[in-house]
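In what follows, every chain begins at residue 1, and chains take the letters A, B, ... in the order their sequences are listed.
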There are 2 protein chains.
Amino acid sequence: MNDSTNILPRSVFMDMDRSGPMPLYYQVASRIEAAIHDGELRPGARIENEIALGERLGLSRPTIRRAIQELVDKGLLVRRRGIGTQVVQGKVTRDLELTSLYEDLARGNKHPKTRLLLHEVTEADGELAESLAVEKGSPVLHLRRLRTADETPVAILENFLPEPFIDIGESELVDHGLYQVLRGRGVTMRIARQRISARSATTEEAALLGISRQGALLTMDRTAFDNAGVAVEWGHHCYRPDLYSFEATLVNR
Amino acid sequence: MNDSTNILPRSVFMDMDRSGPMPLYYQVASRIEAAIHDGELRPGARIENEIALGERLGLSRPTIRRAIQELVDKGLLVRRRGIGTQVVQGKVTRDLELTSLYEDLARGNKHPKTRLLLHEVTEADGELAESLAVEKGSPVLHLRRLRTADETPVAILENFLPEPFIDIGESELVDHGLYQVLRGRGVTMRIARQRISARSATTEEAALLGISRQGALLTMDRTAFDNAGVAVEWGHHCYRPDLYSFEATLVNR
DNA sequence: TAGTGGTCTAGACCACGAA
DNA sequence: TCGTGGTCTAGACCACTAC
């Protein structure tokens with residue numbers, strides 16, 4: 001540990017709760033992450049090694065190690081054997097300038113609403129049946145919704161749900177998001193496999209979204225699975241690209 | 001462990017190498033993943049609990065646990081406390097039908113080529129300087145390339161690299177990808193923060209990519225960091241959406 | 001040579017779900 | 001009540017890096 005090592009103040013790790021349900025590694029990771037966002041740990045700063053940090057906090061090395069690993073997986077820290085652990089050099093906040101409207105939407109300041117364009121039960125064709133891992137021809141709920149925020153149309157959402165969910169009513173979907181409805185039925189989404197691309201809007205889509213004819217659309221196709229590994233939903237979404245984008249942080253291991 | 005538990009044949013775990021550099025948890029994870037892809041472990045199948053698997057293989061529980069966790073993070077397995085570990089119900093192969101051309105590109109069957117449209121050293125403006133964490137006005141290498149596959153234009157790639165790389169020559173970039181050139185200099189990419197969206201092509205872009213005027217483009221803005229956490233590249237890429245898409249598997253924890 | 005992270009072991013106790 | 005995964009401990013040895 002050399003001079004450039006940044007010793008986190010003890011105060012960062014106050015109020016650790018050993019009796020509550022929140023894991024210790026999670027508490028440690030959260031506090032380090034907060035220190036990074038608050039600027040207490042600057043980009044490029046080195047932090048103490050695992051053992052020293054563990055002794056200071058009265059925690060074992062595996063616990064500290066897991067806390068740090070969480071932040072490595074998030075792309076906030078970088079570790080090198082023989083060197084140490086450093087904060088990534090790059091502003092963690094928006095790395096691209098956002099349009100103000102998108103920022104508003106993302107922050108949830110606007111009022112989201114849903115207009116139900118289609119709500120019917122049909123039979124799964126071959127491709128859909130394969131995606132949802134159900135029998136071909138089995139009943140599925142087919143939804144098409146227009147999502148708006150502060151009266152501005154943002155996206156057209158088309159979804160198919162397998163048999164256990166074909167009784168989801170129209171009224172539920174106007175007041176709540178689809179995932180919210182599913183959560184109300186005790187279904188928690190665990191895995192989403194998605195493909196993102198783009199295409200030109202059809203005349204109908206352009207009219208619904210209030211963009212120019214054949215304007216560019218951002219599209220996402222997704223299959224979602226619950227915590228039992230069962231496919232719960234297949235969807236094709238298209239977004240106004242001026243109001244929506246996908247962010248991702250990839251970490252090579 | 002009940003009757004539906006799927007006992008992996010011992011043969012799946014043969015040839016484990018305890019002396020080589022490949023970690024044991026990685027060897028175990030690879031073998032289970034192969035069993036899933038080969039159909040030995042079918043969707044929905046339960047696998048043995050961690051302790052039983054560890055005893056069978058002569059490995060400790062943490063090692064087995066880590067192997068399984070790798071596959072959970074990949075979205076191949078689902079774990080539930082009190083229940084067990086199961087294979088996710090969904091074909092692991094392409095979950096959406098691909099155009100044959102995209103598939104060819106993705107599989108690397110086609111011959112990728114690069115045409116260098118621009119290669120100059122400029123000064124970083126405020127926004128770029130912030131993205132790369134360099135001084136405003138410091139020299140950066142500005143690249144613009146047209147990527148083709150089998151003579152078909154696929155993407156326009158615009159990149160900016162900070163000072164240590166401004167001497168990258170034109171000839172290197174024609175024969176090799178940018179990341180390949182960087183790897184040759186001992187730089188390994190570790191983290192990429194990217195935003196994906198879409199927009200209409202400009203007249204010039206449409207001509208370069210061979211698509212219709214104002215056709216839809218898939219765009220990606222990215223900042224990449226090396227294993228020391230230092231920003232190495234900022235790029236804005238735009239892809240022909242009929243030939244390219246982004247896949248991602250998200251896992252809620 | 002000293003310090004770092006990467007891997008591995010052998011236990012322990014707990015929370016949750018099913019029977 | 002039992003079996004499962006979730007968490008935590010206290011060590012050990014090794015590989016890599018800087019000095």
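Considering only residues two or more places apart in sequence or on other chains, A:T122 meets the side chain to side chain contact (heavy atoms under 4.5 Å, CB included) condition with A:E120, A:V140, A:H142. Take A:P23 and apply the side chain to side chain contact (heavy atoms under 4.5 Å, CB included) test, not counting sequence neighbours, and it matches A:Y25, A:Y26. Under the side chain to side chain contact (heavy atoms under 4.5 Å, CB included) criterion, B:T114 pairs with B:R145, B:R147, sequence neighbours left out. Under the salt bridge (charged side-chain N to carboxylate O under 4.0 Å, His left out) criterion, A:R80 pairs with no residue, sequence neighbours left out. Residues satisfying the side chain to side chain contact (heavy atoms under 4.5 Å, CB included) criterion with A:Q89, sequence neighbours excluded, are A:P43, B:V230. By the side-chain hydrogen bond (donor to acceptor under 3.5 Å, both in side chains) test, B:T188 is found to be paired with B:N227, residues two or more places apart in sequence or in another chain being considered. Contacts of B:K136 classified as salt bridge (charged side-chain N to carboxylate O under 4.0 Å, His left out), with partners at least two apart in sequence or in another chain: none. Taking the salt bridge (charged side-chain N to carboxylate O under 4.0 Å, His left out) definition, one finds that A:D17 meets it with nothing, sequence neighbours left out.
Aromatic ring orientation, A:H236 versus A:W234: parallel (interplanar angle below 30°, classes split at 30° and 60°).
Rounded to an integer number of Å, the gap from CD of A:E48 to P of C:dG3 is 15 Å. Per the geometry, CZ belonging to B:R79 stands 18 Å off P belonging to D:dG3, to the nearest Å. If you take CD1 of A:I51 and P of C:dA2, they are 16 Å apart, rounded to a whole angstrom. Whole-Å rounding puts the A:Q27 CD to D:dG6 P distance at 18 Å. Between A:N49 atom CG and D:dT17 atom C1' the separation is 14 Å, expressed in whole Å.
Residue B:T85 places at least one side-chain N or O under 4.0 Å from the OP1 or OP2 atom of D:dG5.
Among residue pairs with one or both ends in residues 57-73 of chain A, those qualifying as salt bridge (charged side-chain N to carboxylate O under 4.0 Å, His left out) are A:E50-A:R61, A:E50-A:R65, A:R66-A:E70, A:E70-B:R253; sequence neighbours excluded.
Looking at heavy atoms from C-beta onward, A:I32 lies in side-chain contact with A:F13 at the 4.5 angstrom threshold.
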Dot-bracket notation for DNA chain C, counting Watson-Crick and G-U pairs under 3.5 Å, with | for partners on another strand: ||||||||||||||||||.
Reading nucleotides 14-19 of chain C 5' to 3', which nucleotides get B (base under 4.0 Å from a protein heavy atom), which S (sugar-phosphate only), which -? -BBSS-
Footprint string (nucleotides 7-12 of chain C, 5' to 3'): B base within contact, S backbone only, - free, heavy atoms under 4.0 Å: BSBB-B
